[in-house]
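No experiment lies behind these values; they were computed from the predicted model shown. In what follows, residues are counted from 1 in the order of the sequence shown.
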Amino acid sequence: MPGWMPIYYGDDAMELVSGSGRRVTGSDGRTYLDFFGGVLTNMIGYDIAEINEAVRRQLAKGVVHSSTLYLIGEQITLAEKIARLSGIPDARVFFTNSGTEANESALLFATNLRRSNQILAIKNSYHGRTFATMAVTGHRSWSSSSLSPLNVSWLASADRLRGRMAGLTPGDLAEAAVDDLREVLTTVTSGDVAALIAEPIQGVGGFVAGPDGLLGAYQKVLAEHGILLIADEVQTGWGRTGEHFWGYQAHGVTPDLITFAKGIGNGFALGGVVGRAEVMNAVQGISFSTFGGNPLSAAAGNAVLDYVLDHDLQANAARVGSILLEGLRALDLPLIGEVRGKGLMLGIELVRPGTTEPDPAATVRVFDECRAGGLLVGKGGLYNNVLRMGPPLTLTEDEAREGLAILTGALSRVSAEAHVA
């Protein structure tokens, strides 16, 4: 494997060898409560009977792949469901294998329709690992190349701890962000921008989010110029935020394109784009995805989406997420700079006590303490000082309290160490 691939826990790295519900067993023989879900991908959890059975039924048919040159019944059914749930009138759906490919496709559609390679993106964002998606990723750690097929102009991050938006109220931040958008359009673009791509909540960026309504305020300006809006819902979709099914719905806006992936496959490779027919059809020549929406992944996707809706996991994310959010916000520890998030998408930014200076070393210690206590969490943020949590949407209240207790203990111990030091 190449040296640039990170792996958690360094020399004590482990493989996840089995799983059930919200728990996994590692190659170290221990069982852990999983609050990261394969980077928010194992959205329903592990070893789910309904998903397993759907995949077995497809395997029993003997057709794992046919390509979209033939009809794929599971894909058509899933496309109809997603189009209906998207909130976009007369929507079309194109399936890919990942969120990266979904965002790459959305950029292709938007630039083709607008006949422009100019894109607006937001600092601290993450959109993928391909050439175009790296170009619109505003996160230093993940920007592997300065070369780009796109002309990208950057909008300010909504980070309220540091930067130009530091300390602003939600109302003032929204106003400043719109002023920033107008200034960028006036000064550093040539007037024919194709699209703005934005995550309703920045994932890899440490779950930073602008105030509700910000994307709607942006779109009013974008509409003056015919600029499209791409909502990157790879991490925020399918009810994860609790209050809405899609992250964009907190903003009083309907995107032209929505990209999705991760949770919809619950571990099977599945992503895609849903959007306005005019935009989706803006492809010169012919194109398709060899593996995107294949019979096996589409069967899993249908079972996942049905499970989400039948069990009202959006409501569960809101209810169980509030236990975690309220519990974490009640902690009075100088190590905690900010607790943020919605539903079951939560971040804890750690700083040096008495400052807003990022503390990545303390973050690693809390991260390791969580594992020692039987809890798996993620890391992220521009300075790698944010604990990221995206548990399966099936997380129970008891499991939330169990995880909260482990988190609280880990944070308290590391905070005490920092105080002594």
Mind checking whether Phe367 and Tyr9 have parallel, tilted or perpendicular rings, split at 30° and 60°? parallel
Taking only residues two or more places apart in sequence or in another chain, which ones pass side-chain contact (heavy atoms from CB on, under 4.5 Å) with Thr290? His65, Phe288
I'd like to know if the side chain of Tyr248 and the backbone of Leu215 have a donor-acceptor N/O pair within less than 3.5 Å. no
Residues that Glu402 engages under salt bridge (Lys or Arg N to Asp or Glu O under 4.0 Å), provided they are two or more places apart: Arg23
When every non-hydrogen atom of His127 is compared with those of Asp232, the smallest separation belongs to ND1-OD2, 2.7 Å
I'd like to know if Arg84 and Glu80 make a salt bridge, using a cut-off of under 4.0 Å between side-chain N and carboxylate O. no
Among pairs that include at least one residue of residues 97-109, which meet salt bridge (charged side-chain N to carboxylate O under 4.0 Å, His left out), considering only residues two or more places apart or in two chains? none
CG of Leu335 to CG of Leu411, rounded to nearest 0.5 Å, is 6.5 Å
Could I get the full list of salt bridge (Lys or Arg N to Asp or Glu O under 4.0 Å) partners for Asp359, not counting sequence neighbours? none
Minimum heavy-atom separation for Trp154 and Val184, please, with both atom names. O-CG2, 3.6 Å
Give me the ring orientation class for Trp238 and Trp246: parallel if the planes are under 30° apart, tilted from 30 to 60°, perpendicular past 60°. tilted
Sequence neighbours excluded, which residues qualify as side chain to side chain donor-acceptor pair (under 3.5 Å) partners of Gln75? none
Gln202 side-chain N/O to Lys123 backbone N/O, donor-acceptor pair under 3.5 Å: yes
Output the distance between atom CG (Leu387) and atom CG (Leu350), rounded to the nearest 0.5 Å. 5.0 Å
Using the test salt bridge (Lys or Arg N to Asp or Glu O under 4.0 Å), find all partners of Asp47 that sit at least two apart in sequence or belong to another chain. none
Please give me the minimum heavy-atom distance between Val339 and Ile336, naming the atom from each residue. CG2-CG2, 3.7 Å
Shortest non-hydrogen separation from Ser86 to Ile258 and the atoms involved: O-CD1, 3.6 Å
Between Thr236 and Glu233, do the side chains contain a donor N or O and an acceptor N or O under 3.5 Å apart? yes
With sequence neighbours left out, which residue pairs that include part of residues 253-273 fulfil the salt bridge (charged side-chain N to carboxylate O under 4.0 Å, His left out) condition? Asp256-Arg276
Between the CG atom in Leu257 and the CD1 atom in Ile88, the distance rounded to the nearest 0.5 Å is 7.0 Å
Using a strict 4.0 Å threshold on nitrogen-to-oxygen distance, state whether Arg162 and Glu349 make a salt bridge. yes
Partners passing side-chain contact (heavy atoms from CB on, under 4.5 Å) against Leu85 (at least two apart in sequence or in another chain): Phe245, Leu305, Leu309
Salt bridge check: are Lys81 and Asp306 linked by an N-O gap of less than 4.0 Å? yes
Is the number of heavy atoms from other residues, nucleotides or ligands within 6.0 Å of CG (Asp310) greater than 12? yes
When rounded to the nearest 0.5 angstrom, what distance separates CZ in Arg319 from CD in Gln314? 11.5 Å
Criterion side chain to side chain contact (heavy atoms under 4.5 Å, CB included) against Met345, the qualifying member of Arg340, Arg388, Arg240, Met389: Arg240
Rounded to the nearest 0.5 angstrom, the CG-CZ distance for Leu375 and Phe35 is 5.5 Å
Please list, chain by chain and in numerical order, all residues satisfying side-chain contact (heavy atoms from CB on, under 4.5 Å) with Ala250, sequence neighbours excluded. Asp212, Glu243, His244, Lys342
What heavy-atom pair brings Asp180 and Ala156 nearest, and what distance separates the two atoms? OD2-N, 2.9 Å
List the residues meeting side-chain contact (heavy atoms from CB on, under 4.5 Å) with Asn281, not counting sequence neighbours, and say none if there are none. Ala277
Partners of Glu399 by salt bridge (Lys or Arg N to Asp or Glu O under 4.0 Å), sequence neighbours excluded? Arg22
Kindly list each side-chain donor-acceptor pair under 3.5 angstrom involving residues 263-273, sequence neighbours excluded, with atom names and distances?
from: Asn266; atom 1: OD1; to: Met43; atom 2: N; distance (Å): 2.7
from: Asn266; atom 1: OD1; to: Ile44; atom 2: N; distance (Å): 2.7
from: Asn266; atom 1: ND2; to: Gly45; atom 2: O; distance (Å): 3.1

Has Leu71 got more than 12 heavy atoms of other residues, nucleotides or ligands less than 6.0 Å from its CG? no
List the atom of Ser67, the atom of Ile72, and the distance in Å for their closest heavy-atom pair. O-CD1, 3.9 Å
Main chain of Pro360, side chain of Asn384: is a donor-acceptor contact present, judged purely on distance under 3.5 Å? no
When rounded to the nearest 0.5 angstrom, what distance separates CD in Gln219 from OG1 in Thr254? 7.0 Å
For Arg129, does its backbone N or O pair with a side-chain atom of Thr133 as donor and acceptor, under 3.5 Å? yes
